[in-house]
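Source: prediction; values computed, not measured. Naming: A, B, ... by sequence-line order, numbering from 1 per chain.
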Amino acid sequence: MPELPEVETVVRDLRVPLMGRRITAIRFSGERLRRPWKRKWGSQLIGSTFSSIRRRGKWIIADLKPSGHLLIHLGMTGQLTIGSADSELLNHTHVIFDLHRGDRQLRFRDVRRFGSIEYYPFLAGIEQVLEKKLGPEPWDLPVDWSDRFSNSSRCIKSILLDQRVVAGVGNIYADEALFLAGISPTTAGRRMSATLASRLRTAILSVLDHAIEKRGSTIRDYIGGSGLQGGFQQEFRVYGRTGKPCDRCSVPIACCRLAGRSTHYCPACQRVT
DNA sequence: CCGACGTCCTGCTAGC
DNA sequence: TGCTAGCAGGACGTCG
């Protein structure tokens, strides 16, 4: 399930092979995506050239010349890949961009259709949408960011999943960061001291940096922009390790349901404070 | 105002 | 062996 490290990997994979490529044709069957692909976008896009691609939270923004932008979210099972036009066309491929010089295609595939790919004529439209949804990038959080949840009765796990608090953290990296910081996922936001908040921030940055280095985590569907899998799933300390011994204290990793999500933690290393 | 919870969607798998 | 219920969860709408 693509979170910040997976989305960052896709963007890095696509940056070089996509730049300067012109769209020559578009095929789509994306009417049933969470936000439907609109036929009229084709006429705006054909003839345009990819000029840059970047990430904000779990969102991808691709800029085109002379104008226009794509806003993409991978949802749970989204894949955005560049590859040979000859490669096997997998089912649930919703949008295909033919690229100039013929032999390459950019494809958007999404089995569960929780994702989306949309066209915006102006960057301001995207910025307006994202500004409302997203808090700062994790690396832009000040050391004392506890004011973002110090009045909240919600548990810290739920707070970490809130994209307006910090952008890009999802279920896997929330669990891993809380383990690294030694904080119970059930700790109420208002019970988090400045010291704990600082330790959590450090843990978030550490786990995200490490995961990006490993090209993210491939659990089921995730692949990078060049089709390569991630490797961070080998490094999980708690996520998906229910019943297995904590590698810090050997107590079995526990699993509970929090904020509607499976939540993995070490009951000994992560005590409520 | 805030937070909890249901919904969307498909494929895989545990269990009978 | 074959079937089905349950689970996976990001974003968003609704409800209390």
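Across all their heavy atoms, Thr24(A) and Ile46(A) have their closest contact at O-CG2, 3.7 Å.
The ring-ring contact (aromatic ring centres under 6.0 Å, His included) contacts involving residues 242-262 of chain A comprise nothing, where partners must be two or more places apart or lie in separate chains.
Put simply, CG on Asp221(A) is 17 Å from P on dC9(B), counting in whole angstrom units. For Arg112(A) and dC7(C), the CZ to P distance is 14 Å, given to the nearest whole Å.
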Listing time: all N or O pairs from protein to nucleotides 1-4 of chain B that are below 3.5 Å?
from   : atom 1 : to        : atom 2 : distance (Å)
dG3(B) : OP1    : Ser152(A) : OG     : 2.9

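OP1 and OP2 of dC9(B) both lie 4.0 Å or more from every side-chain N or O belonging to His92(A).
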Going by atom type alone, with no hydrogens or angles, which donor-acceptor pairs under 3.5 Å involve a side-chain atom of residues 118-133 of chain A and a protein atom two or more places apart or on another chain?
from      : atom 1 : to       : atom 2 : distance (Å)
Glu118(A) : OE1    : Arg35(A) : NE     : 3.1
Glu118(A) : OE2    : Arg35(A) : NE     : 3.2

Listing, residues 199-208 of chain A side-chain donor-acceptor contacts under 3.5 Å, not counting sequence neighbours, or none:
from      : atom 1 : to        : atom 2 : distance (Å)
Arg199(A) : NH1    : Ala181(A) : O      : 2.9
Arg201(A) : NE     : Leu141(A) : O      : 2.8
Thr202(A) : OG1    : Ser198(A) : O      : 3.0

In residues 167-175 of chain A, what donor-acceptor pairs under 3.5 Å come from side-chain atoms, sequence neighbours left out?
from      : atom 1 : to        : atom 2 : distance (Å)
Asn171(A) : OD1    : Lys157(A) : NZ     : 2.7
Asn171(A) : ND2    : Ser262(A) : O      : 2.9
Tyr173(A) : OH     : Glu6(A)   : OE2    : 2.6
Tyr173(A) : OH     : Ser217(A) : OG     : 2.7
Asp175(A) : OD1    : Lys157(A) : NZ     : 2.8
Asp175(A) : OD2    : His264(A) : N      : 2.8
Asp175(A) : OD2    : His264(A) : ND1    : 2.9

Do any side-chain atoms of residues 223-236 of chain A form donor-acceptor pairs under 3.5 angstrom with protein atoms, and if so which ones, sequence neighbours left out?
from      : atom 1 : to        : atom 2 : distance (Å)
Ser226(A) : OG     : Asp13(A)  : OD2    : 3.3
Gln233(A) : OE1    : Thr218(A) : N      : 2.9
Gln233(A) : NE2    : Gly230(A) : O      : 3.0

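The rotation axes computed at either terminus of the helix from dC2(B)-dG16(C) to dC16(B)-dG2(C) lie 60° apart, taking five pairs at each end and rounding to 10 degrees.
Remark: Gln79(A) pairs with Arg109(A) by the side-chain hydrogen bond (donor to acceptor under 3.5 Å, both in side chains) rule, at least two apart or across chains. Every residue two or more places apart in sequence or in another chain was checked for a side-chain hydrogen bond (donor to acceptor under 3.5 Å, both in side chains) with Gln163(A), and none qualifies. Applying the side-chain hydrogen bond (donor to acceptor under 3.5 Å, both in side chains) rule to Thr9(A) yields no partners; only residues at least two apart in sequence or on another chain are considered. Under the side chain to side chain contact (heavy atoms under 4.5 Å, CB included) criterion, Ser153(A) pairs with Arg190(A), sequence neighbours left out.
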Legend entry - Under 4.0 Å protein heavy-atom contact, by nucleotide of nucleotides 10-16 of chain C - B base, S sugar-phosphate only: BBS----
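In this structure, Arg257(A) reaches the sugar-phosphate backbone alone: every heavy-atom distance under 4.0 Å involves primed, P, OP1 or OP2 atoms, never a base.
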